[in-house]
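Remember, predicted model here, so these are calculated numbers, not experimental data. When reading the values below, keep in mind they use all heavy atoms of this one structure, side chains included, and skip hydrogens, waters and symmetry mates.
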Amino acid sequence: MRALIIAGANIRLMPYLFGYFEQLSKLKYDIMLFYWDRDGLKDRPLPKDVKSICFRKNMKNEIPKFLKINNFKEYRKEALKVIKSEQWDRIVVCDTQFVVLLSDILIKKYKKKYIFDYRDPSYEKFGFYKKRVAKVVSNSKATFVSSDAYRAYLPKYNHIYTNHNITIKDLNHRKVRKIYNRETNKIRISFWGCIRDKEVNLSFIQEIANDSRFEINYYGTIEKTAEAIRTYCNNNSINNVHIHK
């Protein structure tokens, strides 16, 4: 049996992929991953039994949406080639934008054979888009959401399941906090992911700037907003905000 996983980002940014790799491997699938390398940076290695096809196209997350259109068209073209290259027994598509982008062929050729992994809301505020997402969910074999709160954006079906954004290995660390002393006089606030909403972040930083009770750590893609936050903190000698790659 052959399984295709379709994803729209660098591997290191999608830890949830490894849960699919593990389960499909247990079920004796041959696994192919089609993914988008957006930044050309060193990526996380794949399991030995996972083959991959990489769509390489640099694209900043924070550029205007109209500048992304051609890149998404190219991505769709290459993804369709992979989908049509053979008859897959199972397809897993990660992220709403990409499942909508490929929804025509999924619904027509792979009805009840594909899995939709819903990570975050995107453009559901637009009625036509929300209806398309609903149709994708309806025709899926299963749809996984990373938070129960996201069910509010989707129609109600029995084949929607919650799958939090952690890996199986993460569960091995559940007892770590009991090992170390948790007595501290500092509250550490951490953020993971693409750093957006400059004004919201700066407003929050202003409230706790150089307050020794707090520390903020940003772990994510260093783009326009992250650089603006870093510049603001440097210009105002704020020493309790840290940005990490």
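In the hydrophobic clustering of ILVMFWY residues, with side-chain heavy atoms under 4.5 Å counting as a link, L13 and F98 come out apart. Grouping the Ile, Leu, Val, Met, Phe, Trp and Tyr side chains by contacts below 4.5 angstrom, directly or via other members, places Y123 with V100. Under the 4.5 Å side-chain heavy-atom criterion for grouping Ile, Leu, Val, Met, Phe, Trp and Tyr, F128 is connected to F116 within one hydrophobic cluster. Y153 and F126 fall within a single hydrophobic cluster, where Ile, Leu, Val, Met, Phe, Trp and Tyr side chains are chained together by heavy-atom contacts under 4.5 Å. Under the 4.5 Å side-chain heavy-atom criterion for grouping Ile, Leu, Val, Met, Phe, Trp and Tyr, Y161 is connected to Y16 within one hydrophobic cluster.
Between D43 and R12, the shortest heavy-atom contact is OD1-N, 2.8 Å. Counting all heavy atoms, side chain and backbone alike, G8 lies closest to M14 at N-SD, 4.3 Å. Closest of all the heavy-atom pairs between I238 and N240 is CG2-OD1, 3.3 Å. Between I31 and S25, the closest heavy-atom pair is CD1-N, 3.8 Å.
Between D104 and K135, none of the side-chain N atoms (NZ, or NE/NH1/NH2) sits under 4.0 Å from a carboxylate O, so this pair counts as no salt bridge. The pair E227-R230 meets the salt-bridge criterion, since a charged nitrogen lies less than 4.0 angstrom from a carboxylate oxygen. We find that E78 and K81 are joined by a salt bridge, their nearest charged nitrogen and carboxylate oxygen being less than 4.0 Å apart. Between K28 and D49, none of the side-chain N atoms (NZ, or NE/NH1/NH2) sits under 4.0 Å from a carboxylate O, so this pair counts as no salt bridge.
Ring planes of H244 and H242: tilted class, angle from 30 to 60°. Ring geometry for W192 versus Y219: interplanar angle under 30°, hence parallel rather than tilted (30 to 60°).
A cation-pi geometry, defined here as NZ or CZ lying under 6.0 Å from the six-membered ring centre and within 45° of its normal, does not hold between R2 and Y29.
Checking Y218 against N201 by side-chain atom types alone, a donor-acceptor pair falls below 3.5 Å. Inspection of the D39 and N10 side chains reveals an N or O donor paired with an N or O acceptor under 3.5 Å.
The closest side-chain heavy-atom distance from T162 to S147 is not below 4.5 Å. Looking at heavy atoms from C-beta onward, Y75 lies in side-chain contact with L101 at the 4.5 angstrom threshold. Here the side chains of E215 and R188 are in contact, with some heavy-atom distance below 4.5 Å. With contacts defined as side-chain heavy-atom distances shorter than 4.5 Å, the pair F72/Q97 qualifies. The side-chain heavy atoms of N71 and R38, taken from C-beta on, include no pair separated by under 4.5 Å. You'll find the side chain of Y114 reaches within 4.5 Å of the side chain of N139, heavy atoms only.
In the displayed structure, K112 atom NZ is contacted under 6.0 Å by more than 12 heavy atoms of other residues, nucleotides or ligands.
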